[in-house]
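Keep in mind that this is a model prediction, so the values were computed, not measured.
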Amino acid sequence: MPTLATPKDCTGCSACYNICPHDAITISSNTEGFLMPDIDYNKCVECRLCEKACPIVNQINLKYPETEDAYAFWDNETRTKSSSGGAFSAIARWVIDKGGVVFGAAWTEDGFHCQHKMCTNVEELAVLRGSKYLQSDIQKTFCDARQALRNGSYVLFTGTPCQIAGLRSFLIKPYDRLITVDIVCHGVPSNDLFFNYIKKLIAEYPKYQNASGFYFRNLQGWGISPSLKISNKREVLTGIPNIYMGAFEKAAVFRESCYDCRFNGISRTGDITIADFWGVGLQGTPFHKDVTKGVSLVLINTDKGKNVFKTLDNCFMEQRPIKEALKYNHNLIASSSRPDFREEAIVAFNDPGVSLKEINGRFNFVSGGWTGVLRNALIRTGIFWTIKSIINKYRSL
């Protein structure tokens, strides 16, 4: 019988699910809410394609050599609509302009689940923009990408490093018109856990009951500021309502495989790597630009990535020392540390009988200190982003 990755090692990339020609593999949530493959042995013919597609079982080297090509980047056209500098949008536009298709993470219609989808025009790209701090369900998009490539189309596939590794392992052979972009990933919580958090939030705070969507980033200024979409407005979350992000920042609710990630490090799985360029200009070489609207970190890992990057239009790009990129992007070097209380935290979030206040009482994900209270007050009034903008402009002088 074929062997799949263990729950401890499985990344949930769904390569096995995409490659199975007999529908013998299903993807479903385990007891913690993470997507895992399951084999129906009544349908399995033991072709072992799932084993060959799994980058964990195969242990194929899917990482490119370390690069020194690091850039501060922003796209002039979409910078104010993006989480940081709009690097994804610029590359996606390049692919669309060549008649290609783009795959990335989007919110589902309910606004609170994340899954990969294909876009075929510039207008559709809006749903792929913006950070989603949970794991995207790949579904059958690897199959869709392969079909597009076989049809001769350019394909941009963006995702976490393990998802890109899963795609490349699934495809088996390289394709000249495939461009892969991996993000610098801290680790991923599950869709189930995030949705259970949303249900608690709405039940415990009546003012959020009409929420129809979620935003992780603030577009007025560069930074993380989770908010709910209510009547086409953003309701900023602070204090205990923002506990999910507190748990994320403490790496308390990730997949087991995230704590020993085989695909992070300076050696990457994508042709291009993108992230926020946190701390650009704060050490070594000055950066005399206003970063208030966001700056992307871009690493060019392959010649194919370099060929795409050098032909992007209407963009700012400046090469920076690779050590500067590493300073505030810890997960370019190592995995997130696993807290001892990780299982307890996941159980608490998934238990409908445990309130957000009780979760915070147990794990202190949201600080009640005066600095936290002051910061939350400044965020709620919008003053925080004004102050941050002034500081950024001063640093750019």
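Partner Q139 forms a side chain to side chain donor-acceptor pair (under 3.5 Å) with one of H116, K117, Q115 and no other, that one being Q115. Partner F214 forms a ring-ring contact (aromatic ring centres under 6.0 Å, His included) with one of F194, Y133, F112 and no other, that one being F194. Screening V181, L297, V184, D182 for a side chain to side chain contact (heavy atoms under 4.5 Å, CB included) involving I274 leaves a single residue, V181. Put simply, the residue from F309, F277, F316 that forms a ring-ring contact (aromatic ring centres under 6.0 Å, His included) with F73 is F309.
The environment of D340 atom CG is sparse: at most 12 non-hydrogen atoms of other residues, nucleotides or ligands sit within 6.0 angstrom. Surrounding NZ of K327 are at most 12 heavy atoms belonging to other residues, nucleotides or ligands under 6.0 Å away. Within a 6.0 Å sphere centred on CG of N30, other residues, nucleotides and ligands contribute more than 12 heavy atoms. In E46, the CD atom is crowded: over 12 heavy atoms of neighbouring residues, nucleotides or ligands sit closer than 6.0 Å. Counting heavy-atom neighbours within 6.0 Å of K140 NZ, excluding the residue itself, gives a total above 12. A 6.0 Å sphere centred on CG of N314 holds more than 12 heavy atoms belonging to other residues, nucleotides or ligands.
Separating the CZ atom in R150 from the CG atom in L171 is a distance of 8.5 Å, to the nearest 0.5 Å. To the nearest 0.5 Å, the span separating SG on C13 from CG on L167 amounts to 9.0 Å. We find the CZ-OH distance between R234 and Y215 to be 5.0 Å, quoted to the nearest 0.5 Å. Expressed to the nearest 0.5 Å, how far CZ of F254 lies from OG of S335 amounts to 10.5 Å.
T273 and N301 share a side-chain donor-acceptor pair at under 3.5 Å. Remark: the S190 side chain and the D192 side chain contain no N/O donor-acceptor pair separated by less than 3.5 Å. Defined by atom type and a distance below 3.5 Å, a donor-acceptor pair is missing between the side-chain atoms of N151 and S153. Side-chain contact, S89 with D75: no donor N or O sits under 3.5 Å from an acceptor N or O.
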**Q.** Working for ring pair (Phe, Tyr, Trp, His ring centres under 6.0 Å), residues F142 and F157
**A.** CA-CA 9 Å; F142 287 177; F157 204 103; 5.5 Å; yes
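Qualifying salt bridge (Lys or Arg N to Asp or Glu O under 4.0 Å) partners for D69, counting only residues two or more places apart in sequence or in other chains: K306.
E204 and K357 are not joined by a salt bridge, as no carboxylate oxygen comes within less than 4.0 angstrom of a charged side-chain nitrogen. Ion pairing between E318 and R320 holds under the 4.0 Å rule for side-chain N and carboxylate O. The residues E256 and R338 are annotated as salt-bridged, a charged nitrogen and a carboxylate oxygen being separated by less than 4.0 angstrom. Between R262 and D9, at least one side-chain N (NZ, or NE/NH1/NH2) sits under 4.0 Å from a carboxylate O, which counts as a salt bridge. Looking at R342 and E32, a side-chain N of the basic residue comes within less than 4.0 Å of a carboxylate O on the acidic one, giving a salt bridge.
With hydrogens and angles ignored, the 3.5 Å screen pairs a side-chain donor or acceptor of E324 with a backbone N or O of G281.
The closest side-chain heavy-atom distance from V101 to D144 is not below 4.5 Å. Side-chain contact between V155 and R177 is absent, with no heavy-atom pair separated by less than 4.5 Å. Put simply, the side chain of M245 does not reach to within 4.5 Å of the side chain of L237, judged on heavy atoms.
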